[in-house]
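In each ligand, atom 1 is the first atom listed, and ligand 1 is the first ligand listed. None of these values were measured; they are calculated from a predicted model.
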Amino acid sequence: MKNTQSTDVIFELSKPGRRCHRVPASDVPAKPLEALIPKKHLAAQPPALPEVGEIDLIRHYNNLSTRNMSIDTNFYPLGSCTMKYNPKRHERLAALPGFAELHPLTHDDHSQGMLELLYEMQQFLAEISGLPAVSLQPAAGAQGELTALYVAAAYFRDKGETHRKKVLVPDSAHGTNPASAALAGFDTVTIKSGANGLVDLNDLKAKLGDDTAVFMITNPNTLGLFETQIKTITDLLHSKGALVYLDGANMNAILGITRPGDFGADMQHYNVHKTFTGPHGGGGPGSGPIAVRDFLAPYLPAPVIVKDGAKYKLNFDTPKTVGRVRSFFGNVGILFRGYCYIRTLGPDGLKQVSEQAVLNANYLRKRIGEGFEIPHAGPCMHEFVASGRSLLRERKVRAIDLCKRLLDFGFHAPTVYFPLVVPEALMMEPTETESKETLDAFADTLLRIKDEDPDVLRAAPHTHIVSRPDEVKAAKEPKLRWVPEKPATAATK
Ligand SMILES: Cc1ncc(COP(=O)(O)O)c(C=O)c1O
């Protein structure tokens with residue numbers, strides 16, 4: 001635990017004998033523990049827990065919470081992550097005891113309300129995508145990708161087309177796309193982007209073959225550009241008997257405007273936590289439902305929620321299913337928030353979300369373009385990518401230095417160094433929930449700091465206790481739980 005009053009990190013607040021509460025000794029005669037639990041199952045020592053008074057405990061966690069950036073405290077233009085405002089009303093609704101405390105093993109007869117809600121969520125997601133069969137199980141976008149590729153593999157196995165071993169992925173794709181393809185047992189083939197940032201059709205034609213199983217495409221792509229040749233691409237894939245997977249992470253740009261099913265996708269995932277609001281990015285779990293065409297429905301994870309007369313139930317009777325990919329119904333808390341969001345906004349509201357998100361992104365793109373190179377011609381969709389390569393060339397300042405410096409002014413950094421096809425990439429997604437004043441304040445700051453003393457930039461941030469952690473070490477040696485420095489204290493002896 002840290003003492004957060006000063007910048008000196010004092011992690012250890014534990015003092016033997018300190019407590020938040022002292023429970024009076026029980027006056028009920030108790031049997032010795034050994035009489036209730038076999039000795040071999042009893043721990044030799046009580047667990048070494050921190051011993052802290054209530055006021056220190058409360059300050060510790062409150063102070064830690066103020067050290068984080070969050071969408072509730074800061075503008076968060078993290079490209080591709082859709083860090084939009086999470087309505088607080090949905091938090092209250094999701095906490096209603098009838099939903100929040102429902103045990104996942106409750107019999108269908110006693111969980112009709114929840115099943116109805118999840119059934120309707122399946123219907124909404126089918127309608128928005130134009131793909132009629134939905135599984136709510138996957139717990140994140142990446143797991144949705146993997147699940148859809150399992151579905152594709154099962155479909156081709158069923159058709160006796162096991163020679164289809166290749167999954168094609170554009171070079172601008174999110175890293176989870178090739179990773180999911182590899183995990184599902186496919187070989188990945190990279191498709192080049194053209195100078196305009198869109199899929200290079202000639203490269204696709206050259207690499208597409210009878211051994212192609214799936215083309216994974218993100219539309220709008222990670223450069224924030226709509227793949228205008230999408231119908232030609234999907235027709236091409238289908239002419240070879242392959243499937244098209246739509247990475248739906250960027251659905252925020254096209255809600256109610258176009259549907260993946262209409263432009264030829266056979267499968268897609270949603271990031272409910274992004275598009276339909278769910279606190280995410282270290283703040284909560286995700287939800288990555290998939291939607292597929294009718295002929296792929298038999299392979300979806302089981303169970304799916306079906307309506308039988310007036311009753312909702314779980315259907316396990318799907319012999320061709322790829323199996324379960326997540327316990328129970330997926331991350332119901334996030335699905336619930338997404339459901340509230342869709343119901344609150346309705347079809348017109350969802351369309352307005354995308355129109356506003358695209359408008360905000362284009363406004364910010366123009367403002368940032370006053371001082372930065374934006375390699376691909378606009379207009380953009382819900383996000384855009386600027387490049388800091390001239391700063392690196394002329395002043396030896398890297399994109400990461402700008403991002404770190406932004407933290408000093410209360411702005412979360414844009415996504416940096418992704419997509420890989422843009423050198424010194426700064427990927428910005430303002431979302432629809434930001435005001436013009438916020439966008440201007442951010443643009444003014446970024447345009448100003450790029451001319452600061454390079455040494456100031458390279459040493460940033462200057463106002464944060466954690467500045468430039470070793471991210472590789474943190475990923476390889478994560479310390480996710482408190483371990484006491486001195487294992488035995490007076491109370492644990
Ligand atoms: C384009 C794209 N695809 C897939 C994903 C994976 O989604 P998730 O983080 O929910 O696993 C992301 C996440 O950032 C993304 O931006």
Engineer: Distance to 0.1 Å, residue and atom name: give those for the protein heavy atom nearest to atom 8 (P) of ligand 1.
Structural biologist: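 Answer, as residue, atom name and distance: Gly141 N, 3.5 Å.
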Engineer: Output the distance between atom CD (Glu227) and atom CG (Leu198), rounded to the nearest 0.5 Å.
Structural biologist: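 Answer rounded to 0.5 Å: 5.0 Å.
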Engineer: Just by distance, with hydrogens left out, do Glu429 and Thr82 show a side-chain donor and acceptor under 3.5 Å apart?
Structural biologist: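 Present: a donor and an acceptor within the cut-off.
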Engineer: What is the distance from atom CG of Leu335 to atom CZ of Phe124, rounded to the nearest 0.5 Å?
Structural biologist: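 Leu335 CG to Phe124 CZ: 12.5 Å, rounded to 0.5 Å.
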Engineer: Looking only at distances, please establish whether an N/O atom of ligand 1 is found under 3.5 Å from an N/O atom of Asp247.
Structural biologist: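 The answer is yes, given that Asp247 and ligand 1 share an N or O pair closer than 3.5 Å.
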Engineer: Identify, by atom number and element, the atoms of ligand 1 in contact range of His273, meaning under 4.0 Å from any of its heavy atoms.
Structural biologist: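 Atoms satisfying the 4.0 Å criterion: 10 (O).
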Engineer: What protein heavy atom sits nearest atom 7 (O) of ligand 1, and how far off is it?
Structural biologist: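 Nearest neighbour among protein heavy atoms for atom 7 (O) of ligand 1, to 0.1 Å: Asn271 ND2, 3.0 Å.
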Engineer: Which protein heavy atom lies closest to atom 13 (C) of ligand 1, and at what distance to 0.1 Å?
Structural biologist: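 Here the closest protein heavy atom is Lys274 NZ, 2.9 Å.
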Engineer: What is the nearest protein non-hydrogen atom to atom 4 (C) of ligand 1, stated with its residue, atom name and distance?
Structural biologist: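 The closest one turns out to be Glu145 OE2, 3.2 Å.
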Engineer: How long is the straight-line distance from CD1 of Ile191 back to OG1 of Thr188, given to the nearest 0.5 Å?
Structural biologist: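 That separation rounds to 10.5 Å.
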Engineer: For atom 2 (C) of ligand 1, what is the closest protein heavy atom, and at what distance to 0.1 Å?
Structural biologist: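 Answer, as residue, atom name and distance: Ala249 CB, 3.3 Å.
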Engineer: Which protein non-hydrogen atom lies closest to atom 16 (O) of ligand 1, naming both residue and atom, and how far is it?
Structural biologist: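 For atom 16 (O) of ligand 1, the nearest protein heavy atom comes out as Ser80 OG, 2.4 Å.
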Engineer: According to the interplanar angle, ranging from 0 to 90°, do the rings of Tyr76 and His412 count as parallel (below 30°), tilted (30 to 60°) or perpendicular (above 60°)?
Structural biologist: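 Rings of Tyr76 and His412: parallel, as their planes differ by under 30°.
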Engineer: Between Tyr155 and Phe295, is the gap from one ring center to the other below 6.0 Å?
Structural biologist: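 Yes, the ring centres sit under 6.0 Å apart.
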Engineer: Provide the number and element of each atom of ligand 1 under 4.0 Å from a heavy atom of Thr176.
Structural biologist: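 Per the distance check, 4 (C), 5 (C), 6 (C).
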Engineer: To check your reading of the model: name the closest protein heavy atom to atom 11 (O) of ligand 1, its residue, and the distance in Å.
Structural biologist: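 The closest heavy atom on the protein side is Ala142 N, 2.8 Å.
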Engineer: For His280, state whether at least one heavy atom is located under 4.0 Å from any atom of ligand 1.
Structural biologist: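 Flag not set, His280 not near ligand 1.
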Engineer: Take atom NZ of Lys166 as the centre, draw a 6.0 Å sphere, and report whether it contains more than 12 heavy atoms from other residues, nucleotides or ligands.
Structural biologist: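 Atom NZ in Lys166 is not crowded, with 12 or fewer foreign heavy atoms closer than 6.0 Å.
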Engineer: Would you please determine whether Gln143 falls within less than 4.0 Å of ligand 1 on a heavy-atom basis?
Structural biologist: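 So Gln143 does not count as touching ligand 1.
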Engineer: For the ring pair Phe336 and His90, is the centre-to-centre distance below 6.0 Å?
Structural biologist: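 That pair fails the under 6.0 Å test.
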Engineer: For ligand 1, is there an N or O atom under 3.5 Å from any N or O atom of Ala140?
Structural biologist: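 No; every N/O pair is 3.5 Å or more apart.
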Engineer: Is the distance between the ring centroids of Phe215 and Tyr245 under 6.0 Å?
Structural biologist: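 Aromatic pair excluded; centres sit 6.0 Å or further apart.
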